[in-house]
Amino acid sequence: MSARRHPALSATDPELASFVAAEEVLQAQTLRLIPSENYVSAAVLEASGTVLQNKYSEGYPGRRYYEGQQNIDRVEALAIERAKGLFGVDHANVQPYSGSPANLAVYLAFAKPGDTVMGMALPMGGHLTHGWGVSATGSWFRGVQYGVSAETGLIDYDAVRELALAERPKLIFCGGTALPRTIDFAAFAEIAREAGSILVADVAHIAGLIAGGAHPSPAGHVDVISTTTHKTLRGPRGAMLMCREEHAKAIDKAVFPGLQGGPHNQTTAGIAVALHEAAQPSFVTYAHAVVANAKALAAALLERGFDLVSGGTDNHLILMDLTGKDVPGKVAAKALDRAGIVVNYNTVPFDPRKPFDPSGVRIGTPSLTSRGLSAEHMPVVADWISRSVDAAAKGDEPALAVVRAEVADLMAAFPAPGLPLS
Ligand code: DSN
């Protein structure tokens with residue numbers, strides 16, 4: 001199969017080709033529930049593997065430091081126009097290599113080392129680059145962190161305001177990696193205005209939902225929108241920064257020459273294709289189906305006695321708190337993996353356990369929705385999760401093998417985009 005799909009690679013480097021082929025089989029046969037992952041289309045895969053790879057293009061369209069940019073300029077300009085149109089913003093920079101460099105560029109654009117910055121604490125659902133201690137952003141800057149309410153699991157906007165007014169941070173980040181609920185960008189904007197802060201919405205997780213109208217947009221509320229392109233947006237691994245015209249120069253200068261060298265043109269092409277796909281009516285259907293599936297899965301898990309942080313979900317993501325199940329998150333995640341269900345273990349807010357061995361499991365529906373599973377399948381998915389967690393508690397490996405076979409059986413009926421061997 002690999003030789004047919006990747007003939008040159010198989011001939012040149014059969015060992016590496018065999019790893020790729022094995023990954024294709026794994027992605028086809030398993031139920032992928034990591035909420036930050038997805039399946040890109042065959043068109044995005046093709047665009048990401050083109051001869052655009054061969055070109056250096058420091059600078060921006062029409063202003064490069066290398067010649068021969070006739071086609072590259074058109075690719076990047078197209079990606080920029082599509083990003084602006086899809087997200088309703090004045091300016092887009094499509095060059096950041098990924099989410100962390102994109103966020104670092106925002107610091108470079110607006111803050112100086114030692115400045116106070118504010119974001120959601122990582123164990124509460126934030127991101128490393130929102131000023132968390134072990135990240136450069138938390139050691140080069142003075143990070144102050146907000147969280148969620150212990151009672152509700154929801155962001156307490158009064159507490160955020162109090163912290164912002166006490167600290168007057170240069171930057172405030174909203175958004176994160178384990179937030180199952182709608183982000184109130186208008187409320188954050190009001191707080192940032194009062195505190196005199198630049199507001200950054202890191203919408204990496206929900207960019208596809210925003211593009212498809214299944215989550216409110218931060219456009220018009222925030223100074224900068226930062227996003228990766230490979231999660232719900234279903235593009236290649238990359239990132240974008242979008243902003244009002246007044247910040248365009250600062251953002252562009254921070255990305256290049258401030259932080260990066262030549263853009264990855266093959267990725268820019270893949271982003272352009274993904275943005276085109278995300279502008280189609282079918283993507284609106286997809287984004288709403290992601291949320292409908294997550295809500296159905298959350299309801300089915302609650303019925304089966306699972307505790308969910310904040311009691312459910314408004315978006316693509318569910319954070320399961322396994323404290324009551326007596327199975328730590330890591331043990332459950334590894335058992336689920338053996339059952340063909342790919343998740344990640346995750347801290348839950350106020351987690352009594354350590355980040356490398358926490359109490360939670362984070363799941364989401366972007367990938368299974370890309371394969372065409374719908375709300376009617378979610379009770380089955382919840383059953384598999386429940387049986388696998390029970391099996392983990394009992395050390396029942398045969399039960400995990402049974403689930404794995406059932407998963408592969410269902411997945412075979414739902415071919416994944418970009419994976420014809422499904
Ligand atoms: N690693 C991403 C995630 O899984 O959410 C965030 O950077």
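Atoms within each ligand, like the ligands themselves, are counted from 1 in listed order. Any value given below was found using the heavy atoms of this structure, including those in side chains, with hydrogens, waters and symmetry copies removed.
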Under 6.0 Å from the six-membered ring centre of Tyr39 and within 45° of its axis: does the NZ or CZ of Arg32 meet both?
-> yes
Is there a heavy atom in Glu37 that sits closer than 4.0 Å to ligand 1?
-> no
Tyr286 six-ring centre to Arg234 NZ/CZ under 6.0 Å and within 45° of normal | yes
Salt bridge flag under 4.0 Å for residues Lys231 and Glu37 = no
Mind checking whether Arg362 contacts ligand 1 via backbone (N, CA, C, O), side chain (CB onward), both or neither, at a 4.0 Å heavy-atom cut-off?
-> side chain
If we only count N/O pairs under 3.5 Å, is Thr177 in contact with ligand 1?
-> no
Determine, for Phe356 and Lys330, whether the Lys NZ or Arg CZ falls below 6.0 Å from the six-membered ring centre while staying within 45 degrees of the axis.
-> yes
If we ignore angles and hydrogens, is there a donor and acceptor under 3.5 Å between the side chains of Ser226 and Asn103?
-> yes
What is the nearest protein non-hydrogen atom to atom 5 (O) of ligand 1, stated with its residue, atom name and distance?
-> His205 NE2, 2.7 Å
Distance to 0.1 Å, residue and atom name: give those for the protein heavy atom nearest to atom 7 (O) of ligand 1.
-> His127 NE2, 2.9 Å
Are any of the protein's heavy atoms under 4.0 angstrom from atom 1 (N) of ligand 1, yes or no?
-> no
Cationic N near anionic O, under 4.0 Å, Arg5 to Glu24 = yes
Shortest reach to atom 3 (C) of ligand 1 by a heavy atom, considering only Ser36, Gly364, Pro35, Gly99 | Ser36
